[in-house]
Number of protein chains: 2
Amino acid sequence: MAKEYSVVNWLPHISVDCVIFGFHENQLKVLLLKFKNTDVWSVSGGFVKSDEDMDQAASRVLFERTGLKDIYLEQFYTFGDVKRNQGAIQQHAQIQEKIGESGVDTSFLSDRYISIGYYALVDFSKVKVNLDQMSDVFSWNDIYDIPTMFLDHRAIIDKALERLRWSLDQKLLAFNLLAETFTMSELQQVYETILGKKLVRTNFQRKILSMDILVRLEKRYLGGAHKAPYLYRFDVKKAKVYLSQVEY
Amino acid sequence: MAKEYSVVNWLPHISVDCVIFGFHENQLKVLLLKFKNTDVWSVSGGFVKSDEDMDQAASRVLFERTGLKDIYLEQFYTFGDVKRNQGAIQQHAQIQEKIGESGVDTSFLSDRYISIGYYALVDFSKVKVNLDQMSDVFSWNDIYDIPTMFLDHRAIIDKALERLRWSLDQKLLAFNLLAETFTMSELQQVYETILGKKLVRTNFQRKILSMDILVRLEKRYLGGAHKAPYLYRFDVKKAKVYLSQVEY
DNA sequence: CCAAAAGTGTTGCAACTACACCCATGG
DNA sequence: CCATGGGTGTAGTTGCAACACTTTTGG
């Protein structure tokens, strides 16, 4: 009772899972957390406060994990099977035992949860990862190399990726994974790693430039013995014009 | 306590809203219910049992409302703003008062709910609508003529329609809105009403027939003073072959 | 000089659009 | 006969894929 004034009211049986994508070393990566003393990984999850929009809850989870605000977030699917955790009963027991040792209350792990899935696109270089209470390690995993995941988190990642591929061109999402300025070949590599296939440079360049959504800046000098590439910046206003012109 | 053995356990703060589409009089219709003694309409909603998958809950809601099973259902979005009901406080008060008169407990109307949105595609001629406790009238409304809706149900319908347009070709959904057999021009009208634009008959016909997903049956004789149209049946097996052949 | 970067040109394919036009047929 | 249904042909367009080729330039 003494602490009641500070008790946060969480909506029961509802969670938010946030698949965080980043681009690094020419590959698309997902941020994963490992439960303490186990080999089980998970995406970043959280709960929803009773006075909080779901989108806000997802933003909060993302902020807690990465320190970033104003990040691209998209809700993609809600996972609500009773047996989402089927085949993971042992996983539960193992995790509860291992984490329980550190004094964290893990009883919620065996409750039924309906989880609203979001994915986030972040500038890898800006992320400062904070672990949660139950995790001791984090990792940026290549999307084609996902380890054993908690519950149905593998399916959640797959569905997120499917939707990301989908929205990539429709919403010009690739730029959310890059720094402020980038070269054309970096952009092409983002496309290639997300779509999982090689693209022809000349055609890709033509396509992107014809959208008229980029501003070309000075060149990037790295001291290589060759011509320096141009840097580009994504122009939000131009992008809006472009997106509004695309028919539907 | 005497009734405790039969009490169903519902997940709190979670609801399922089901947008039911049908095709009638050459138009795409949505099934709406009107709250007793009010002018406020809603789509078909329900709650989720604690031992029930979300998809099952949606199927159950659909069955209760239409008497139909094994119907195409697709989850399309989850609505979770705290103020989903903003601007509808008066709506609440009005509805609670009006419906309260008939002895139905409506206290849940003012709770916060996270609603998982599904849409269903039904054969209009097979539906036998059952009202729920709170409604006294139902109506199949043209999608371009939606009345004042409960809470954010207008936004829910719009989002469902957007997704339906989207999945129409990808998943060959049009056939779910037609009877077992249908003519080519009926099919074309389904496409036209969903997409909201006229299509050129010859091109449409070529496109559909080239998919090789239909079986042509005998002609339909209605006694008109002109050539009778062919009837077609959708062939599920052929459709699967077609969909698996379409690249991505 | 030379390797990387940037850009142009062209060819061919596939899909779609818009029409013109023809044949079939029920009553 | 004739209104409706069913189908073919085709010309123009667009977008994209593939690839050859040229030009630029940092060090």
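The model shown is predicted, which means the values in this text are computed figures rather than measured ones. We name chains A, B, ... by the order of the sequence lines, and we start the count at 1 in each one.
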Nearest-Å distance, [atom1] ([X]) to [atom2] ([N])?
X        : N      : atom1 : atom2 : value
B/Gln189 : D/dG5  : CD    : P     : 9 Å
B/Gln245 : C/dA15 : CD    : C1'   : 17 Å
A/Tyr232 : C/dA6  : OH    : P     : 6 Å
A/Phe204 : C/dA6  : CZ    : P     : 12 Å
A/Leu231 : D/dG26 : CG    : P     : 13 Å
A/Leu217 : C/dA5  : CG    : C1'   : 16 Å
B/Phe182 : D/dG6  : CZ    : P     : 12 Å
B/Gln205 : D/dT4  : CD    : C1'   : 13 Å

Heavy-atom contacts, protein to nucleotides 18-24 of chain D, under 4.0 Å, summarised as B (base), S (sugar-phosphate only) or - (none) per nt, yield BBB---B

Is any side-chain nitrogen or oxygen of A/Arg216 closer than 4.0 Å to OP1 or OP2 of C/dA5?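 For C/dA5, OP1/OP2 do not have a side-chain N/O of A/Arg216 under 4.0 Å.
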
Do the rings of A/Phe76 and A/Tyr119 sit parallel, tilted or perpendicular, given the 30° and 60° boundaries?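 Taking A/Tyr119 first and then A/Phe76, their aromatic rings sit tilted (interplane angle of 30° to 60°).
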
Axial bend angle, the helix from C/dC1-D/dG27 to C/dG27-D/dC1: five-pair end segments, nearest 10°: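 End-to-end axis angle: 10°.
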
So, for A/Phe79 and A/Tyr113, is the gap between ring centers shorter than 6.0 Å?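 No: the rings miss the under 6.0 Å criterion.
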
Please lay out, stage by stage, how B/Phe124 and B/Trp140 fare under the test ring pair (Phe, Tyr, Trp, His ring centres under 6.0 Å). CA-CA 10 Å; B/Phe124 181 89; B/Trp140 284 97; 5.0 Å; yes

If you count the non-hydrogen atoms of other residues, nucleotides and ligands that lie under 6.0 Å from [atom1] in [X], is the total more than 12?
X        : atom1 : result
A/Asp70  : CG    : no
A/Glu64  : CD    : yes
A/Lys238 : NZ    : yes

Validation: residues 199-209 of chain A side-chain donor-acceptor distances under 3.5 Å, sequence neighbours left out:
{"from": "A/Asn203", "atom 1": "OD1", "to": "A/Arg206", "atom 2": "NH2", "distance (Å)": "3.4"}
{"from": "A/Lys207", "atom 1": "NZ", "to": "A/Asp169", "atom 2": "OD2", "distance (Å)": "3.2"}

Which one of A/Leu33, A/Val129, A/Asn130 satisfies the side-chain contact (heavy atoms from CB on, under 4.5 Å) criterion with A/Ser135?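 So, applying the side-chain contact (heavy atoms from CB on, under 4.5 Å) to A/Ser135 and each of A/Leu33, A/Val129, A/Asn130, only A/Leu33 qualifies.
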
Would a 4.5 Å heavy-atom cut-off, applied to side chains only, mark B/Leu164 and B/Ile194 as touching?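 The answer is yes, as the side chains (C-beta and beyond) meet within the 4.5 Å cut-off.
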
